[in-house]
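Structure record follows, encoded as structure tokens.
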2 protein chains.
Amino acid sequence: MSSRRADSVREALEQMIVTGDLVNGERLDETSLSEQFGCSRTPLREAFQSLAASGLLELVPHRGAFVRHPDLGEMIEMFEVMAELEAFCGRLAARRVTTQDLADLCKTVTACEDAAARNDSDRYYAENEKFHHLLYKASGNGFLADQAKQLHRRLKPFRRLQLRVRGRLQQSLSEHRIILNALEQGSEDDVAAALRTHVAVQGGKFNDLMASYKNFHLTGT
Amino acid sequence: MSSRRADSVREALEQMIVTGDLVNGERLDETSLSEQFGCSRTPLREAFQSLAASGLLELVPHRGAFVRHPDLGEMIEMFEVMAELEAFCGRLAARRVTTQDLADLCKTVTACEDAAARNDSDRYYAENEKFHHLLYKASGNGFLADQAKQLHRRLKPFRRLQLRVRGRLQQSLSEHRIILNALEQGSEDDVAAALRTHVAVQGGKFNDLMASYKNFHLTGT
DNA sequence: GTCAATATTTTTGTATACAATAATAGATTT
DNA sequence: AAATCTATTATTGTATACAAAAATATTGAC
């Protein structure tokens, strides 16, 4: 854990943005925020830089930092890329996965099912994230894993919305099993296909996403 | 063009890093660099943040900013991802490309061939970059296009190395034609396959890359 | 009353000053 | 002489002060 003030400010701001606490287009005032965080403008501005790099803020020279929430179209674009990245991870993993990886993945899938059965949503999200991170790692491509992790993180708030939809959770769980089975059999195409349907926003998922998006506290761009 | 000092410093530093002017692992001293650039540490540190976000620097708390060149393994990983991203761009483009896009692409391919024939390497690189950027745009997925552009930019210095290899340039040119043809015919699979072989580091390309990598002024990690 | 030009204020960008942490060198002990 | 602890130095992190740019308000002309 870094004791840099700038880092904790970054995290706090990120939280405020992804939870919708800060609405789209809002300008972040340096002075008032620095008062709120009890620090000077310097660490705040460092946090701005970092957030802008991950696309959560837009820095306009001499005008300030503006909150940038993806609109529905961008969100779909991001899911489209995420699906492809995960499918590629899966394809590589099908070739390179170790028995240890498989054991870890299996354990996590079970933990996920268990958490869902107990309605322990926090644990469900944690285990679900672990499952995906393990998959990325199993690809054997560290750079790919990093990229996937980054995007996965960025899509976190929206995935949460999707899973509120009735029946989506059970479906998601069974998809985990399908992915795992395909991995064990080492069939690249099956793994890739399973992951595409697991992640992609298509068919009914599109309508679900649109509905939940509207319920989210985002102002349209 | 932004008149922010921090931005121009960022660009200058990036150039120094990718050209190998700054070797791997080197620590960037804030005071001496700020003297060199004739500015204070503040804009310099902003540039550091930005460069760290794109992976060119590693920021270690209370210890400084360290130049981070990818080693051969990471480079291959990045090319592996680049190939897949481009293939996906191509796949989408095959479905969504407009006649205008095709015309622009065709013009750029011709310009590329022309530049190569005249041994105008600067223009060749410019037109080649344009070709790829047009392809990303033709995917109709703005987020994907951004991601692809970012990675393409990061791989720029290494691509330059690869093209020094005898015969590689002519091959690259003919691959452009193949890609363009496949796009015109709208066959997703052909476009994707053509782009994978165009970008991926495989077969003979691997040895070429390894040889040129060693010639590069990088210290091993 | 509306528009335009100018003055004022506000806000961002940069420089500098200070504080905190890590690296280094030197002294002390075994 | 080697190792360890301490004092010193150097370097990063943060706060504040100043400069430059943009936004806003005010004044004047039509």
Side-chain angles (χ1 to χ4, degrees), chain A residues 1-18 21-69 219-221, chain B residues 1-18 21-69 219-221:
Chain A
M1 172 208 157
S2 161
S3 66
R4 282 169 43 106
R5 198 82 191 79
D7 292 348
S8 58
V9 167
R10 194 220 118 100
E11 278 185 49
L13 276 175
E14 180 171 4
Q15 199 63 20
M16 289 166 75
I17 293 171
V18 300
D21 221 14
L22 298 169
V23 300
N24 188 36
E26 188 172 348
R27 184 180 134 273
L28 299 186
D29 189 66
E30 296 185 358
T31 32
S32 61
L33 271 175
S34 61
E35 280 174 26
Q36 189 176 329
F37 285 117
C39 69
S40 79
R41 284 170 50 216
T42 311
L44 201 74
R45 285 174 60 90
E46 281 201 14
F48 280 4
Q49 284 284 132
S50 174
L51 290 167
S54 20
L56 276 70
L57 287 184
E58 184 175 8
L59 259 43
V60 183
H62 295 193
R63 308 220 18 196
F66 298 85
V67 177
R68 236 187 80 60
H69 283 216
T219 69
T221 311
Chain B
M1 173 207 158
S2 161
S3 66
R4 281 169 42 105
R5 198 82 191 77
D7 292 348
S8 57
V9 167
R10 194 221 118 98
E11 278 184 49
L13 276 176
E14 179 171 6
Q15 199 63 20
M16 291 166 74
I17 294 171
V18 300
D21 222 14
L22 299 170
V23 299
N24 188 36
E26 189 172 348
R27 184 179 134 272
L28 299 186
D29 188 66
E30 296 185 358
T31 33
S32 61
L33 271 175
S34 61
E35 280 174 26
Q36 189 175 329
F37 285 118
C39 69
S40 78
R41 284 172 51 217
T42 311
L44 200 73
R45 284 174 61 89
E46 281 200 14
F48 281 4
Q49 284 284 131
S50 174
L51 290 167
S54 18
L56 275 69
L57 287 183
E58 183 175 7
L59 259 43
V60 183
H62 292 129
R63 309 226 7 204
F66 298 86
V67 176
R68 233 186 82 63
H69 284 227
T219 70
T221 310

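Source: prediction; values computed, not measured. Below, read A as the first sequence line, B as the second, and so on, with proteins coming before strands; counting in each chain starts at 1.
When rounded to the nearest whole Å, the span between CG of B:D7 and C1' of C:dG13 equals 11 Å. We find that CZ of B:R41 is positioned 15 Å from P of D:dA10, with the value rounded to whole Å. With rounding to whole Å, B:E46 atom CD is found 14 Å from D:dG13 atom P. For the pair B:L44 CG and D:dG13 C1', the interatomic distance rounds to 14 Å; values are reported in whole Å. A:R4 has its CZ atom 13 Å from the C1' atom of D:dT11, to the nearest Å.
For DNA chain D, the neighbouring residues in residues 51-68 of chain A, judged by any heavy atom under 4.0 Å, are A:H62, A:R63. A heavy atom closer than 4.0 Å to some atom of DNA chain D occurs in B:R27, B:L28, B:E30, these being the qualifying members of residues 26-40 of chain B.
Among all heavy-atom pairs drawn from B:L44 and B:L13, the shortest one is CD1-CD1, 4.4 Å. Residue A:A47 comes nearest to A:A6 through the heavy atom pair CB-O, 3.8 Å, listed as atom of the first residue, atom of the second, then distance.
For A:R45 and C:dG13, the shortest distance from a side-chain N or O to OP1 or OP2 is below 4.0 Å. Contact annotation: B:R5 side-chain N/O to C:dT14 OP1/OP2 distance is not under 4.0 Å.
Using a cutoff of 4.0 Å between basic side-chain nitrogens and carboxylate oxygens, A:R4 and A:E46 are scored as salt-bridged. With respect to B:D29 and B:R27, a salt bridge is recorded, a charged nitrogen being found less than 4.0 Å from a carboxylate O.
Nearest-nucleotide assignment on DNA chain D puts the 5′-proximal partner with A:A6, out of B:S3 and A:A6.
Residues satisfying the side-chain hydrogen bond (donor to acceptor under 3.5 Å, both in side chains) test with B:R10, not counting sequence neighbours, are B:E14, B:S50. Residues forming a side-chain hydrogen bond (donor to acceptor under 3.5 Å, both in side chains) with A:E30 (at least two apart in sequence, or on another chain): A:R41, A:R45.
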The test is side chain to side chain contact (heavy atoms under 4.5 Å, CB included); show your working for B:N24 and B:E26 and say whether it passes.
CA-CA 5 Å; B:N24 188 36; B:E26 189 172 348; over 6 Å; no

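Using five terminal pairs a side, the axes of the helix from C:dG1-D:dC30 to C:dT30-D:dA1 at its two ends make an angle of 0°, given in steps of 10 degrees.
Residue A:L22 holds its CG atom at 6.0 Å from CD1 of A:I17, rounded to the nearest 0.5 Å.
Each side chain to side chain donor-acceptor pair (under 3.5 Å) pair with one or both residues in residues 51-68 of chain A, not counting sequence neighbours, appears once here: A:R68-A:E74.
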